[in-house]
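We count ligands from 1, going down the list as the structure has it; atoms in each ligand are counted the same way. What you are looking at is a predicted structure, and each value in this text was computed from that prediction instead of being measured.
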Amino acid sequence: MTHPTRTQSSLRLGVNIDHVATVRNARGSAWPDPLRAALLAEASGADGITAHLREDRRHIRDADIEALMAGISIPLNFECAATTEMQMIVLRHRPHAVCLVPEKREERTTEGGLDVAGDQNRLADYIAPLREAGARVSMFISHDPRQIDASARIGAAVVELHTGLYSELLADGHAELADRELAALRKGAEHAASLGLEVHAGHGLTYDNVEPIAAIPEVRELNIGHFLIGEAIFRGLGPAIEEMRRRMDLARG
Ligand code: PXP
């Protein structure tokens with residue numbers, strides 16, 4: 001299924017709703033409901049919804065994926081590790097996009113990019129049926145050109161560049177190092193686009209650090225979760241998303 005882009009902007013916003021499920025699961029109750037958050041995000045200008053079904057189901061659960069697939073009318077970007085179980089789930093639900101991420105049980109969030117270069121043959125075989133099922137397959141990687149080249153070689157449609165280090169460096173006051181990381185992200189985006197890959201970016205993005213990333217011309221989509229769900233406590237999810245959208249558009253000029 002093709003989905004129209006909802007905004008006039010050339011930069012899409014994917015809202016990650018994992019941490020709505022984190023809050024729900026903290027009390028073992030039915031609320032807050034991730035589908036309700038997704039529908040509100042949709043009504044507030046999100047171009048897509050991202051949900052990460054982790055192996056340990058610590059936030060999003062299988063029933064959430066089912067509810068999202070049935071309930072939202074913007075594209076679902078299904079994030080998962082490259083395991084056989086997840087492949088079967090993708091083939092059952094056929095989401096618009098699949099973003100492959102590395103996953104370790106002990107990490108708090110997705111800490112590093114996927115090693116596509118080191119696992120090329122397996123990943124090429126892994127994504128082939130996903131592509132045949134019509135999913136846009138994305139690799140969540142660092143800006144390392146070896147990882148970008150390998151993603152193109154195995155037939156991925158998209159790379160999502162990991163902005164976690166950039167955002168951490170800025171938050172820790174290392175402005176110079178953050179600038180260097182930003183320059184590497186820019187170069188990575190340019191390189192990936194030159195190979196025909198669509199470029200996305202995400203992780204750790206906030207109102208304070210989003211603009212330089214949004215200004216990278218090759219970047220077509222940002223995926224943002226934790227900050228927006230946190231900000232929703234203070235201003236509500238709709239206004240939190242609208243403000244992010246405003247800053248993204250401002251950066252885009
Ligand atoms: N993109 C990917 C591939 C991710 O794994 C995550 C975190 O789940 C995000 C984007 C969003 O990161 P954050 O929650 O820090 O905004």
Flag Gly202 as yes when one of its N or O atoms lies below 3.5 Å from any N or O atom of ligand 1, and as no otherwise.
no
For Ala38 versus Leu68, what's the shortest heavy-atom pair and its separation?
CB-CD2, 3.5 Å
Distance filter under 4.0 Å to Glu79 heavy atoms, resulting ligand 1 atoms:
1 (N), 2 (C), 3 (C), 4 (C), 5 (O), 6 (C), 8 (O)
Here's a test for you: under salt bridge (charged side-chain N to carboxylate O under 4.0 Å, His left out), which of Arg24, Arg36, Arg54 qualifies with Asp64?
Arg24
Is it the side chain (CB and beyond), the backbone, both or neither of Glu160 that lies under 4.0 Å from ligand 1, heavy atoms counted?
side chain
Leu228 side chain reached by Met244 side chain, heavy atoms, under 4.5 Å:
yes
Taking 4.0 angstrom as the limit and counting only heavy atoms of Asn223, give me the atoms of ligand 1 inside it, by number and element.
10 (C), 11 (C)
In chain order, what residues pass the side chain to side chain donor-acceptor pair (under 3.5 Å) check against His143, with sequence neighbours excluded?
Glu181
Atoms of ligand 1 under 4.0 Å from any heavy atom of Ile224, numbered from 1 in the order shown, are 16 (O)
If you measure every N/O of His52 against every N/O of ligand 1, is any gap under 3.5 Å?
no
Proximal atoms of ligand 1 relative to His226 (non-hydrogen, under 4.0 Å):
13 (P), 14 (O), 16 (O)
So does Arg136 pair up with Glu221, basic N to acidic O under 4.0 Å?
no
Decide whether an N or O pair under 3.5 Å exists between Gly204 and ligand 1.
yes
So, Glu242 and Arg245, do they make that salt bridge, N to O below 4.0 Å?
no
Subset of ligand 1 atoms that lie under 4.0 Å from at least one heavy atom of Val101
3 (C)
List the residues meeting side chain to side chain donor-acceptor pair (under 3.5 Å) with Arg131, not counting sequence neighbours, and say none if there are none.
none
Under the side chain to side chain donor-acceptor pair (under 3.5 Å) rule, what do Arg57 and Asn25 come out as? Steps first, then yes or no, please.
CA-CA 10 Å; Arg57 310 300 198 267; Asn25 297 354; over 6 Å; no
Taking only heavy atoms of Asn16 into account, list the atoms of ligand 1 that are under 4.0 Å away from them.
8 (O)
Can you tell me which portion of His162 lies within the under-4.0 Å heavy-atom range of ligand 1? Options are side chain, backbone, both, or neither.
neither
